[in-house]
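For reference, the structure is listed below as structure tokens.
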There are 2 protein chains.
Amino acid sequence: MSDALAKGSELKAPEVKEEASPGHIRVRNRALILTAAEEVFATQGYRGATTAAIAKKAGLPKANVHYYFGTKEALYAAVLEDILGLWLGELDRIVETSDPATALAGYIRAKVHLSRERPLASKVYANEMIRGARHTRDFLKTELRNLVKEKAKVLEAWAAAGKMEPVDPVHLFSVIWAATQHYADFEVQVGSLLGRRQLAAKDYDEAAETIVRLVLRGCGLKYDSR
Amino acid sequence: MSDALAKGSELKAPEVKEEASPGHIRVRNRALILTAAEEVFATQGYRGATTAAIAKKAGLPKANVHYYFGTKEALYAAVLEDILGLWLGELDRIVETSDPATALAGYIRAKVHLSRERPLASKVYANEMIRGARHTRDFLKTELRNLVKEKAKVLEAWAAAGKMEPVDPVHLFSVIWAATQHYADFEVQVGSLLGRRQLAAKDYDEAAETIVRLVLRGCGLKYDSR
DNA sequence: ATTAAATTTGACCAATTGGTCAGGTTTTGA
DNA sequence: TCAAAACCTGACCAATTGGTCAAATTTAAT
């Protein structure tokens with residue numbers, strides 16, 4: 001056995017008691033199923049996803065999936081719930097005290113990063129929108145709308161302070177979301193155009209810079225193209 | 001009967017001989033089926049679309065759908081074929097002799113217009129990309145890639161002539177496509193954020209202007225925000 | 001150790017789905 | 001007018017699907 005390997009093995013420090021804490025099975029299996037479901041829903045669509053395929057990908061019998069989530073629809077709702085949490089976080093940096101260019105650029109880069117790290121989540125969400133947001137209507141009309149209204153005030157304040165030009169906030173966010181999520185949802189198209197099977201880190205970076213450039217300049221902010 | 005209505009009826013000028021030309025049944029029914037299929041594929045996804053639903057929407061028995069298109073997959077391919085034709089046309093205005101700002105703005109406005117007029121086509125295409133472009137890979141890697149390469153040369157020429165700043169063409173087109181098609185694919189989301197059930201003509205116009213503004217300024221071109 | 005609760009799962013079911021087909025009707029062209 | 005081609009469609013089928021369930025096993029808590 002090589003030194004490195006031996007060292008690695010010895011280092012798995014905590015030496016947890018093999019299994020632990022009540023409910024850990026529930027937690028582990030729900031996570032397995034949710035991960036598998038995200039992939040199957042993303043690549044096959046809601047209707048195309050079968051509970052059998054999800055179960056197989058999770059390494060569990062189909063009846064087990066129904067044991068934990070009841071129906072396919074409830075499982076789908078749970079997957080969406082996870083994704084919405086992921087989406088909502090990054091907007092925090094858009095606050096009045098931030099510098100507009102820094103905040104917007106940071107948000108865009110973070111969103112592109114998410115498209116690279118969690119493309120399946122983006123695809124599930126896109127699918128949900130395309131099909132009319134049957135399971136997400138309330139979220140859109142309340143939570144998301146309020147969040148955007150809040151951020152709209154920040155943009156207005158920036159504009160009033162002469163830090164940027166006024167821009168319609170809904171259209172600005174729409175363009176940012178569309179452009180950034182495009183690199184997850186239409187990954188295969190962008191890859192084809194760039195002549196790659198898979199997008200590389202560099203491609204995501206260049207995408208982010210392009211989007212940042214258009215948005216900042218569009219808002220009357222400085223951006224130096226290198 | 002109102003004047004307007006009567007006038008409208010009388011005006012249906014050509015008064016074609018009730019039926020006509022051999023093969024007209026084939027043409028008419030294929031069109032009925034393709035239109036119905038576009039809607040069902042758009043709103044239900046590939047797997048979610050049933051030939052029965054398509055037949056019902058077309059007002060024909062299911063067996064008739066199979067009579068004209070054979071399999072569901074062949075019908076889907078035919079729908080995609082139609083859509084790709086629609087997509088490819090508008091790029092014509094991006095030629096070296098055009099003024100960059102005029103050409104790009106015109107293209108963006110035309111694409112937004114298409115999102116409003118043919119949202120279902122956009123949704124079918126988005127679905128196809130999300131699922132990995134199983135039926136469109138070849139098109140992407142050959143036709144679309146070559147088209148973009150061609151347009152890339154135009155952008156380079158414009159930049160070399162000092163008419164605009166250099167921009168990565170693939171990322172520029174990706175952002176334009178993402179932003180414009182967003183108003184078809186994520187229509188329900190934009191509507192929720194704007195507090196409308198349906199987007200109005202004004203909303204599409206404002207969307208187009210926002211995108212034009214970001215893109216032109218991003219390319220170092222003038223755009224006056226009114 | 002004991003028992004209640006949680007978990008597991010093969011077998012099963014009713015409904016749906018893409019697709020077929022035979023026998024009929026209508027359209028077309030000579 | 002008439003036969004061939006095109007078109008139509010109700011009835012049917014094998015496969016798949018989401019979901020159920022009862023009996024067995026494992027885990028948790030006393």
Side-chain angles (χ1 to χ4, degrees), chain A residues 16-80 124 127 131 134-135, chain B residues 16-80 124 127 131 134-135:
Chain A
V16 188
K17 271 286 284 300
E18 184 57 26
E19 302 293 339
S21 74
H24 76 279
I25 296 180
R26 186 169 201 83
V27 171
R28 188 236 302 149
N29 284 354
R30 281 182 62 101
L32 279 175
I33 294 167
L34 282 170
T35 301
E38 181 175 288
E39 178 170 346
V40 177
F41 281 128
T43 56
Q44 312 291 327
Y46 176 75
R47 189 78 181 291
T50 68
T51 54
I54 292 168
K56 190 179 176 185
K57 186 141 299 201
L60 297 170
K62 189 183 73 165
N64 209 328
V65 170
H66 283 96
Y67 172 70
Y68 280 109
F69 288 94
T71 67
K72 177 181 171 180
E73 183 147 349
L75 173 54
Y76 179 67
V79 170
L80 276 178
V124 173
N127 235 308
R131 293 187 319 135
R134 285 196 196 41
H135 294 74
Chain B
V16 188
K17 271 284 286 299
E18 183 59 26
E19 302 294 338
S21 74
H24 77 279
I25 295 180
R26 186 171 201 80
V27 170
R28 188 236 302 148
N29 283 353
R30 281 183 61 100
L32 279 176
I33 294 168
L34 282 170
T35 300
E38 181 175 289
E39 176 169 349
V40 178
F41 281 128
T43 56
Q44 312 293 326
Y46 176 75
R47 189 76 181 294
T50 69
T51 54
I54 292 168
K56 189 178 177 187
K57 186 140 298 197
L60 298 170
K62 191 184 69 162
N64 210 328
V65 170
H66 284 96
Y67 172 72
Y68 280 110
F69 289 94
T71 66
K72 178 181 170 179
E73 183 146 349
L75 173 54
Y76 180 66
V79 170
L80 276 178
V124 173
N127 237 308
R131 292 189 320 136
R134 285 192 189 54
H135 295 73

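Just so it is clear: chains get the letters A, B, ... in the order the sequence lines come, proteins before strands, and each one is counted from 1.
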Sequence-distant partners of B:Lys57, side chain to side chain donor-acceptor pair (under 3.5 Å), two or more places apart = B:Glu39

query = Mind checking whether A:Tyr46 and A:His135 have parallel, tilted or perpendicular rings, split at 30° and 60°?
reply = tilted

query = For the pair made of CG in B:Leu32 and P in D:dC7, what is the distance, rounded to whole Å?
reply = 14 Å

request  = Output, in order, the C-alpha distance, side-chain angles, deciding distance and verdict of side-chain contact (heavy atoms from CB on, under 4.5 Å) for A:Leu80 and A:Phe41.
outcome  = CA-CA 10 Å; A:Leu80 276 178; A:Phe41 281 128; over 6 Å; no

ask   = Are B:Asn29 and D:dA6 close enough that a side-chain N or O sits under 4.0 Å from OP1 or OP2?
value = no

task = Give, ordered by number, those residues of residues 48-58 of chain B having at least one heavy-atom distance below 4.0 Å to an atom of DNA chain D; if nothing qualifies, reply none.
result = none

task = Using salt bridge (Lys or Arg N to Asp or Glu O under 4.0 Å) as the criterion, list what pairs up with A:Arg47, not counting sequence neighbours.
result = none

task = Could you check how far CZ of A:Arg28 sits from C1' of C:dA6, rounded to whole Å?
result = 13 Å

query = Does the side chain of A:Arg26 get closer than 4.0 angstrom to OP1 or OP2 of C:dT7 through an N or O atom?
reply = yes

task = For C:dT17, take OP1 and OP2 only and decide whether either is under 4.0 Å from a side-chain N or O of A:Arg47.
result = yes

task = Residues of residues 33-43 of chain B with any non-hydrogen atom less than 4.0 angstrom from an atom of DNA chain C: list those, numerically ordered, please.
result = none

key: Contact summary for A:His66 and A:Thr51, nearest pair of heavy atoms   = CE1-OG1, 3.5 Å

note = Scanning both residues in full, the closest heavy-atom pair of B:Ala58 with B:Leu32 reads CB-O, 3.8 Å

message = Using side-chain heavy atoms (C-beta onward) and a distance below 4.5 Å, is A:Phe69 in contact with A:Leu34?
response = yes

request  = Might you point out which heavy atoms bring B:Arg30 and B:Tyr68 nearest each other, and give the distance in Å?
outcome  = NH1-O, 3.7 Å

query = When you measure from the side chain of A:Lys62 to the backbone N and O of A:Thr50, does any donor-acceptor pair fall under 3.5 Å?
reply = no

note = So, with a heavy-atom separation below 4.0 Å from DNA chain D, the residues of residues 60-68 of chain B are B:Pro61, B:Ala63, B:Asn64, B:Tyr67, B:Tyr68

ask   = Atom NZ of B:Lys72 and atom P of C:dT17: how far apart are they, to the nearest Å?
value = 9 Å

key: Closest non-hydrogen atom pair, A:Val40 against A:Ile54   = CB-CG1, 3.8 Å

query = How bent is the helix from C:dA1-D:dT30 to C:dA30-D:dT1, comparing axes over its five end pairs at each side, to the nearest 10°?
reply = 30°

Heavy-atom closest pair, residues B:Val65 and B:Ala55 = CG2-CB, 3.6 Å

key: Steps toward side-chain contact (heavy atoms from CB on, under 4.5 Å) verdict (A:Leu75, A:Lys72)   = CA-CA 5 Å; A:Leu75 173 54; A:Lys72 177 181 171 180; 5.6 Å; no

ask   = Which heavy-atom pair separates B:Ile33 from B:Asn64 by the least distance, and what is that distance?
value = CD1-O, 4.4 Å

task = Could you state the atom-to-atom distance from CD1 of B:Ile25 to P of D:dA5 in whole Å?
result = 17 Å

